[in-house]
Amino acid sequence: MADTIFAKIIAKQIPATIVYEDEQALAFRDIGPKAPVHILVIPKKEIARIADATAADEALLGRLLTVANEVARNEGIDKSGYRLVINNGKDAGESVPHLHVHLLGGRALTWPPG
Ligand code: AMP
């Protein structure tokens, strides 16, 4: 079993503010929010990053996006708008090697990111 901080959150070994959970996915608030709403949607399956996903993961990857949509609705930002981000590797600033989709919203977001 991988020893990432997100694996520990999935295993409930460390606390997180969980806003959604099912058999395949978990969503919890980012500990260092970059927007009024900043939630991470992760697969329970250990996939280090999007580059490591395979064709066998396609349904799971789709599930992460529909979970993100559902969480956005629950957070009340579906009409105002939101952004989904996946950081892959060093140049993208990936810091936790367990796949996660950032859900950001609640304010006007600038584009492009720095
Ligand atoms: P990334 O830089 O794309 O790998 O994103 C990792 C994110 O995980 C960052 O936005 C961190 O603030 C967040 N993070 C790290 N540790 C925790 C934690 N224990 N609970 C919630 N979010 C975390």
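Each ligand, and each atom within it, is numbered from 1 in the order the structure gives.
A heavy-atom distance below 4.5 Å is found between the side chains of Leu40 and His102. Inter-residue side-chain proximity for Asp57 and Thr54 is flagged as met; some heavy-atom pair is nearer than 4.5 Å. Annotation: side chain of Val37 is not in contact with side chain of Tyr82 (no heavy-atom distance under 4.5 Å). When side chains are defined from C-beta on, Leu99 does not count as touching Phe6, because their heavy atoms never get closer than 4.5 Å.
Interface of Ser95 with ligand 1, defined as ligand atoms under 4.0 Å from a residue heavy atom, comprises 1 (P), 2 (O), 4 (O), 5 (O), 6 (C). Of all the atoms in ligand 1, the ones that sit under 4.0 Å from a non-hydrogen atom of Gly32 are 12 (O). Interface of Arg29 with ligand 1, defined as ligand atoms under 4.0 Å from a residue heavy atom, comprises 21 (C). Distances below 4.0 Å separate heavy atoms of Gly93 from the following atoms of ligand 1: 1 (P), 2 (O). Close contacts between ligand 1 and Val96 involve ligand atoms 4 (O), 6 (C) [criterion: under 4.0 Å to a heavy atom]. Those atoms of ligand 1 that come under 4.0 Å of a heavy atom in Glu94, given as number and element, are 4 (O).
One option in Val85, Thr17, Asp30, Ile14 has a heavy atom closer to atom 13 (C) of ligand 1 than any other, and that option is Asp30. Looking at Ile31, Ile39, Ile5, it is Ile31 that brings a heavy atom closest to atom 23 (C) of ligand 1. For atom 6 (C) of ligand 1, the candidate residues are His98, His100, Arg49; the nearest heavy-atom contact is made by His100.
For the pair Arg63 and Glu23, the salt-bridge criterion is not met [side-chain N within less than 4.0 Å of a carboxylate O].
To the nearest 0.5 angstrom, Ile39 atom CD1 is 12.0 Å from Ile18 atom CD1.
Where the criterion is an N or O separation shorter than 3.5 Å, residue side chain and backbone included, His38 fails it with respect to ligand 1. Considering backbone and side-chain N/O of Leu40, none are found under 3.5 Å from N/O of ligand 1.
At distances below 3.5 Å, not a single donor-acceptor pair connects side-chain atoms of Asn87 with backbone N or O atoms of Gly93.
Between His98 and Glu46, the shortest heavy-atom distance links the atoms CE1-CA, 4.0 Å.
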